[in-house]
Amino acid sequence: MSDEEREILEKIKNYLANIEIDKVPDAVKEALNKGIPPLKIINEALAPAMNIVGKKFEEGEYFLAELVAAGETFKEVLGILRPLLLKSGEKIKRLGKVVIGTVRGDLHDIGKNIVATMLESAGFEVYDLGADVPPEEFVKKAKEVNADIVAMSALLTTTMIEMKNVIEELKKAGIRDKVKVIIGGAPVTEEFAREIGADAYAEDAVKAVEVCKRLIEEKKKGK
Ligand code: B1M
């Protein structure tokens, strides 16, 4: 990475982390004009800034207003980056159908939106149910579209357990063996995935694409 690239990414990170939100979209456009790839802007500037915002909130330096402002700014900027992420992908291939959502009680959808966009750009047919999705909605959509994968996101330790409820609901509906289940989100771990009987865990959006491709291969082989 050149010094200039590092400087722009640092600038974006600081603007967002310091809630100088008016300056973020222009700085992101500047980065794009300099040829910095959208995913690099997300991974090396925007996401680290959100971690700083989260820490400041935890420490009582920021309040809900700052959390909301940072979240809305991230979403606005994602609106600029999303078409570029989609364009860079190999769209024509139809790898499989993914039903994705943030679980019930959880309104955090930024990470889930990035995962959904990356999956779409990699060639998956993505059905995004949004945030605060009850277990029955995951099941209903999975049945309706004959999904290959059910993908869940949770950002709160208090809502992670909803992932288990979705898996139970898939079992009740008799389709657990027809779909693969992948979970993710900041508090989620590989161990938790094993514990609740999910098929896979991914720590970030890039990994999620890799894992979903693997799950489709496994499904084809009847594993
Ligand atoms: Co909230 N919040 N929040 N918040 N918020 C966190 C999560 C928190 C860690 C902040 C903190 O205290 N440090 C904390 C949770 C603590 C805990 O559970 N232990 C917290 C809290 C407490 C709350 C409220 C309870 C605050 C309150 O009201 N008192 C409240 C809850 C509301 C609710 O959901 N019911 C709340 C509200 C909000 C806002 C609505 C204001 C806003 C969300 C806006 C939105 O999403 N539309 C918000 C925000 C912005 C955050 C932080 C600051 C940033 C989250 C984010 O967008 N990160 C967050 C702090 C943090 O995470 N460090 C925090 C950027 C994003 C790119 O990362 O979502 O992790 P992430 O996604 C990554 C990976 O996790 C992974 O890939 C993504 C991209 O690489 N991934 C997957 C995500 N899903 C995946 C699925 C996969 C695979 C990978 O497979 C299916």
Side-chain angles (χ1 to χ4, degrees), residues 12-13 16-17 19 21 24 38-79 81-82 85 98-122 124 126-133 138 142 147-163 166-167 179-190 192-193 196 198-215:
I12 296 170
K13 186 172 94 183
L16 186 56
I19 319 292
I21 52 177
V24 179
L39 195 58
K40 198 166 187 176
I41 301 175
I42 293 174
N43 287 340
E44 293 181 28
L46 298 169
M50 294 305 259
N51 284 335
I52 298 173
V53 172
K55 231 171 243 133
K56 290 190 174 188
F57 175 72
E58 223 168 49
E59 289 161 0
E61 187 183 336
Y62 282 172
F63 298 97
L64 204 54
E66 280 84 9
L67 219 58
V68 172
E72 280 176 359
T73 307
F74 200 128
K75 280 190 141 177
E76 183 187 337
V77 166
L78 209 56
L81 299 178
R82 192 180 131 83
L85 283 171
V98 183
V99 169
I100 191 168
T102 303
V103 295
R104 179 164 60 192
D106 200 323
L107 301 175
H108 298 85
D109 63 355
I110 292 171
K112 182 267 299 164
N113 291 345
I114 296 173
V115 173
T117 303
M118 292 298 292
L119 286 172
E120 206 178 325
S121 115
F124 285 93
V126 177
Y127 298 87
D128 188 347
L129 303 177
D132 190 14
V133 181
F138 279 102
D148 297 293
I149 297 174
V150 169
M152 292 178 262
S153 178
L155 261 284
L156 298 171
T157 44
T158 48
T159 57
M160 283 163 70
I161 197 63
E162 285 292 342
M163 295 172 153
V166 174
I167 293 176
V179 293
K180 295 284 183 186
V181 174
I182 174 175
I183 62 172
V188 178
T189 61
E190 187 100 53
F192 179 72
I196 65 165
D199 297 299
Y201 155 78
E203 66 210 44
D204 59 32
V206 173
K207 203 82 192 167
V209 171
E210 218 177 282
V211 172
C212 283
K213 284 182 177 168
R214 192 193 77 215
L215 290 175

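Order of appearance sets the numbers: ligands from 1, and atoms from 1 within every ligand. Values in this document were obtained by computation on a predicted structure and should not be read as measured data.
With a heavy-atom cut-off of 4.0 Å, M152 touches ligand 1 through its backbone alone. Only the backbone of I183 comes within 4.0 Å of ligand 1, counting heavy atoms alone; no side-chain atom from C-beta on gets that close. The proximity of E72 to ligand 1, defined as any non-hydrogen pair under 4.0 Å, does not occur for either the backbone or the side chain. At a heavy-atom cutoff of 4.0 Å, ligand 1 is contacted by both the backbone and the side chain of D204.
The heavy atom nearest to atom 82 (C) of ligand 1, considering only A193, A116, G185, is found in G185. With distances taken over non-hydrogen atoms, the option nearest atom 63 (N) of ligand 1 out of I52, V53, N51, I114 is N51.
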Let me have the donor-acceptor pairs involving side chains of residues 58-70, under 3.5 Å, with sequence neighbours excluded, atom names and distances please.
unit_1 : atom_1 : unit_2 : atom_2 : d
Y62    : OH     : A17    : O      : 2.5
E66    : OE1    : F63    : N      : 2.7

All N/O donor-acceptor pairs, side-chain side in residues 107-117, below 3.5 Å, sequence neighbours left out:
unit_1 : atom_1 : unit_2 : atom_2 : d
H108   : ND1    : D106   : OD1    : 2.8
D109   : OD1    : K75    : NZ     : 3.1
D109   : OD2    : K75    : NZ     : 2.8
K112   : NZ     : D128   : OD1    : 3.0
K112   : NZ     : D128   : OD2    : 3.1
N113   : ND2    : D109   : O      : 3.1
T117   : OG1    : R82    : NH1    : 3.2
T117   : OG1    : N113   : O      : 2.8

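Atom 35 (N) of ligand 1 has as its closest protein heavy atom G105 O, 2.9 Å. Of all protein heavy atoms, the one closest to atom 84 (N) of ligand 1 is S153 OG, 2.8 Å.
Here 1 is the count of protein N, O or S atoms positioned under 2.8 Å from atom 1 (Co) of ligand 1, waters not counted.
Evaluation of the salt bridge (charged side-chain N to carboxylate O under 4.0 Å, His left out) rule for K207 yields E210 as partners, not counting sequence neighbours.
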